[in-house]
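First the proteins, then the strands, lettered A, B, ... as listed; each starts at 1. The basis for the numbers below is simple: all heavy atoms, side chains too, and nothing from hydrogens, waters or symmetry mates.
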Amino acid sequence: MNDNNENTAQQTDEDEFSVRESVDLTPDNADFFESEGGLVSMRLRTEAGEEYFERIVAVRAFPVTDPSEFICIRQPDIPGQDKGAEIGMIRRLSDFDERSRGLIEGELHRRYFSPRITSIIKIRNKMGYLYWDVDTDAGKVNFMVKDPSSNIRILEDGRVQVRDVNGSCYRIDDPKALGRSSYKKIEMYL
Amino acid sequence: MKMLCNMPQGAAAAFERAAGGESLRYCVPFDLYEDRVADGYIACTDRHIYKIVADEVVKIYDLSRMSAFSVETMHGSCGFYARDGSVAVLICRFASRRYVSAYYKLAAACDELAAARRPPEFRDSPDEYCPKCGRQYIPHTSICPFCSSAGTSFRRLWSLAKGMRWRMVLFPALAAMAAVALRFAIPAVQKIAINRYIYPPDGVQRGMIDKFLVLFAAVLFIELAQRVMSALCEWVGTRTGNFYAQRLRDALFDKIQQLSMASVSKKSSGSIIGRINRDVRIISRFMAVDLPHYISQIFSFLLALVLLLYISPRMCLFVFIPLPIAAFCIFISRKKLSALYRRVWTLEIRADDTLQDAFNGIRVVKSYGQEDRMIDAYGRKSETFTAFTERSHKFQDTVFPLIGFIVRLGSYFITMFGYAWLFRGTLDLGTLNQFSSYSGIIYEPLTLVSVIPRTIAQFAASAAKVAEILEEVPEVTDSADPADIKIKGDVRLEHVTFGYDSFNPVLKDVSLDVSAGEMIGIVGLSGSGKTTLINLIMRLYDPDSGRVFIDGVDVRDISQRSLRSQMGVVLQQTHLFSGSVRDNIRYAKPDADDEQIVRAARIANAHDFIMRLPEGYNTIVGDRGYTLSGGERQRIAIARAVIHDPAVLILDEATSALDTETEKLIQDSISRLVAGRTTFAIAHRLSTLRNADRLIVIDRGRIAECGTHAQLLAARGLYYKFVMVQYRALIEKD
């Protein structure tokens, strides 16, 4: 297996409790490229030398308020063994060129699946559970919302987040812009 | 979820074409493809994985080259990943959590298949989705809110009313009907009085006054009887309503005590208390007050209708002209009104949340000087709430009088035409009076039309929440014929595997043999499964596979009562119940006498500080009582365990929250408590475990090391590292 860098492997052997040091990732020390499997690989240059990661995972620190800044690049978790360690953090995604940005945004997009509701077909209230039939940018979906007063969240800038019983998240950028008939259906829950 | 689901024809055909003769082993759906909602299937044979989307095979993976199958839960979706050679690949994505456990199983199976080993056998777990509409059940129940109507909830709650149904609904309804019937009698008697004695056709004659007085008395009597009936109906309704509420509350409380810790802690205690109180009130009110009332109103409507038609069919016309108009108005405004009510309710909750938050966090608010901001935040929310309350009231106050006016229009017509006919002589005064009284009655139930749907919806919502608790299946249940045994203290675990989510094991294949009287120290990083191990020994959960024995008997065959009554626990945080120190110490053994209590307190090193409390052992502690320090609480917990005299003792971080000084004090009392009992002690501070006969080190759900302190140190393994880290930390501090 040539994927994992030997550096970290040795470290783990040496001291069980040491944690990988996170670095600031900039276009100068980090290269992102598409892996053979269609995911994202990365090469990192530090004083200690060069490291290669066959697959990285991108996680947002502020997914709601700052989706394109403070992006944490991590190694994937190895099931039943290790939680993936943080490799570094990208302060601003816009520092990177278009190609790298596209790759990371693609990875982020895979991770943060939160369809934008474009119109509300129906909301039915059955025994205190709301059944939503909506059209989103990912297609038609229906979902179930429990306890609407705590699972429909209004952000400071007026955006609305709806969380269903499974923890999936749907967003509405501007409820009023959905059109009158859609707005009337959600107005009472806002 | 099935591991081998049925593909629709198109997808099955595509699979056949691509796979040739390979037999299908697993088939699991997925619902996301290229960021769009899609119908896809992962079909797995012994050699390949086929990814099928929209009736076409879009990708084939060769199992023999693959490894490291895994499921990653991401934000809003999950991914099924693997390694193809040295390359990480994303096999598929799915948004529905419905598939998660199936993919975890599939990942485990594929790992085996890829290594050309026999895949494990899976039981199909019960699907938590409604077979009728395909929508999700309320977790841990088989209730589909979408398919169940208010009727189903009603039947469910009705069954709880066994033995009191007659009193609760039928009697009040009958009494109310009787009251209604009596109400109808009054205008009928009045009619006789008017026609015969007040405006008699042949003029007033002697002796009439006596008969009139008799009629007058009759009216008075009927009026009185009607009031008595109404009062009786109310009285019985309230009484049985309370009785039913009590029964429901007891049932809920019973159930909550039975449910597993996980399920109870998931529901925050605030929401449970709120639920029990509010929902029970709504339900019992509906069953005992609203429902009989509605029944009697329907009866009253029908009776009035029949009587009106009987008296004068042509005048009925006037009654019915405004009826459709009023019904239409009610229908139109109902939707708008319920939306307004709902909005007001939502806003009220949002404002309440802010208020509650500010109160609970008052210390933080004050210490950071954020009062103004909190006032601001609450002010804004309360402002919108007030604005909407006003709006809804304005609407209400416009619509209801309007509807009232339309409804009353009928009465105006009746009076107008009634007098015309009266003058023409085609109608007598008594009949007119009777008729207009009845027409007043017939409109009354009409106003209910706007209230009933809301009450029923409210009832249904409360019923669903209550049913959600009542129907939850407890994770741990007694077997058919549980044994009560006297526990000696041998504990044995055989190949125990367990996870709070069955697809994500926390403990893996753990085996352990402890003989009576031994003290076992459990060491490991947080999240490694220490507390889980103890939960299994106490049987707060049942293992997914493997068995737990106590004195050679499977814990599943021991009654939970007998098992737990012989186990004692001292946790990191001790909960003191509201009550005296004395009550708290003898909590597990309410019949303990004062001598035993004092002896236990002495053993626990608690006697001394208890004597310094203002009222000694009778000092009230708990939420509203005297505040004890962490160390004092722990010592009370130990005294509680001493009096309980358990065969198996569990110390879960019992001294972690305390300073070293206090710990030493408590350590002392613990060592007295431990003597002669099987003890499991979890501790972060390794010095706490120096008395342990054996130490086990748990690492990522497995027992990594087991032995005495000296043996483990000599082995220079994980334990050695733990000790060194703590030792180093100590040295550095000094």
Chemist: Of the backbone (N, CA, C, O) and the side chain (C-beta and beyond), which part of B:Asp35 lies under 4.5 Å from a heavy atom of chain A, both, or neither?
Modeler: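 Both parts, backbone and side chain.
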Chemist: What's the spacing between B:Leu106 CG and B:Asp111 CG if we round to 0.5 Å?
Modeler: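 B:Leu106 CG to B:Asp111 CG: 10.0 Å, rounded to 0.5 Å.
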Chemist: Would you kindly say whether A:Ser100 and A:Asp97 are connected by a side-chain donor-acceptor distance under 3.5 Å?
Modeler: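 Result is yes, a qualifying pair exists.
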Chemist: Could you tell me which residues satisfy ring-ring contact (aromatic ring centres under 6.0 Å, His included) with A:Tyr129, sequence neighbours excluded, listed by chain and number?
Modeler: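 With sequence neighbours excluded, A:Tyr129 shows a ring-ring contact (aromatic ring centres under 6.0 Å, His included) to no residue whatsoever.
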Chemist: A cation-pi test, strictly: NZ or CZ of B:Lys381 under 6.0 Å from the centre of the six-membered ring of B:Phe385 and no more than 45 degrees from its axis. Yes or no?
Modeler: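 Here B:Lys381 fails the 6.0 Å and 45° test against B:Phe385.
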Chemist: Is it the side chain or the backbone of B:Arg350 that comes within 4.5 Å of chain A heavy atoms, both, or neither?
Modeler: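 Only the side chain of B:Arg350 comes within 4.5 Å of chain A.
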Chemist: Examine whether an atom of A:Tyr131 lies under 4.5 Å from a heavy atom of chain B, and if so say whether it belongs to the side chain, the backbone or both; otherwise answer neither.
Modeler: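 For A:Tyr131, the side chain is the part near chain B, not the backbone.
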Chemist: Which word best sums up how the rings of A:Phe143 and A:Trp132 line up, parallel for under 30°, tilted for 30 to 60°, or perpendicular for over 60°?
Modeler: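 Plane angle under 30°, so parallel.
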Chemist: Would you mind checking if A:Arg55 and B:Glu72 are paired as a salt bridge, meaning a charged N to carboxylate O distance below 4.0 Å?
Modeler: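 Salt bridge present between B:Glu72 and A:Arg55.
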Chemist: Among B:Phe30, B:Phe80, B:Tyr103, which residue meets the ring-ring contact (aromatic ring centres under 6.0 Å, His included) test with B:Phe94?
Modeler: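 In the set B:Phe30, B:Phe80, B:Tyr103, the residue that makes a ring-ring contact (aromatic ring centres under 6.0 Å, His included) with B:Phe94 is B:Tyr103.
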Chemist: Give the interface residues of residues 26-43 of chain A toward chain B, defined by a heavy-atom separation under 4.5 Å.
Modeler: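 Listed by number: A:Ser35, A:Glu36, A:Gly37, A:Leu39.
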Chemist: So, A:Arg60 and A:Asp66, do they make that salt bridge, N to O below 4.0 Å?
Modeler: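 Judged by the 4.0 Å cut-off on N to carboxylate O distance, A:Arg60 and A:Asp66 do not form a salt bridge.
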Chemist: Sequence neighbours excluded, which residues qualify as side-chain hydrogen bond (donor to acceptor under 3.5 Å, both in side chains) partners of B:Asp376?
Modeler: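 For B:Asp376, no residue satisfies side-chain hydrogen bond (donor to acceptor under 3.5 Å, both in side chains) once neighbours in sequence are set aside.
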Chemist: Can you name the nearest heavy-atom pair linking B:Met66 to B:Ala82, along with the distance?
Modeler: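 Heavy atoms only, the tightest pair is CE-CB, 3.8 Å.
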Chemist: Strictly below 4.0 Å, N to O, side chains only: are A:Asp133 and A:Lys140 in salt-bridge contact?
Modeler: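 So A:Asp133 does not pair with A:Lys140 through a salt bridge.
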Chemist: What residue in B:Asp31, B:Asp353, B:Leu32, B:Leu90 has the most heavy-atom pairs under 4.5 Å with chain A?
Modeler: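 Result: the option with the highest number of such pairs is B:Leu32.
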Chemist: Are there residues of residues 105-113 of chain A that reach to under 4.5 Å of chain B by heavy atoms, and which ones?
Modeler: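 From residues 105-113 of chain A, the residues near chain B are A:His109, A:Arg110, A:Arg111, A:Tyr112, A:Phe113.
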Chemist: Find the distance between CD1 (A:Ile104) and CZ (A:Arg99) and round it off to the nearest 0.5 Å.
Modeler: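 The CD1 atom of A:Ile104 sits 9.5 Å away from the CZ atom of A:Arg99.
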Chemist: Which atoms of B:Leu347 come close to chain A, meaning under 4.5 Å heavy atom to heavy atom: side chain ones, backbone ones, both, or neither?
Modeler: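 For B:Leu347, the side chain is the part near chain A, not the backbone.
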Chemist: Heavy-atom cut-off 4.5 Å, strictly under: side chain, backbone, both or neither for A:Asn125 against chain B?
Modeler: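 The answer is the side chain of A:Asn125.
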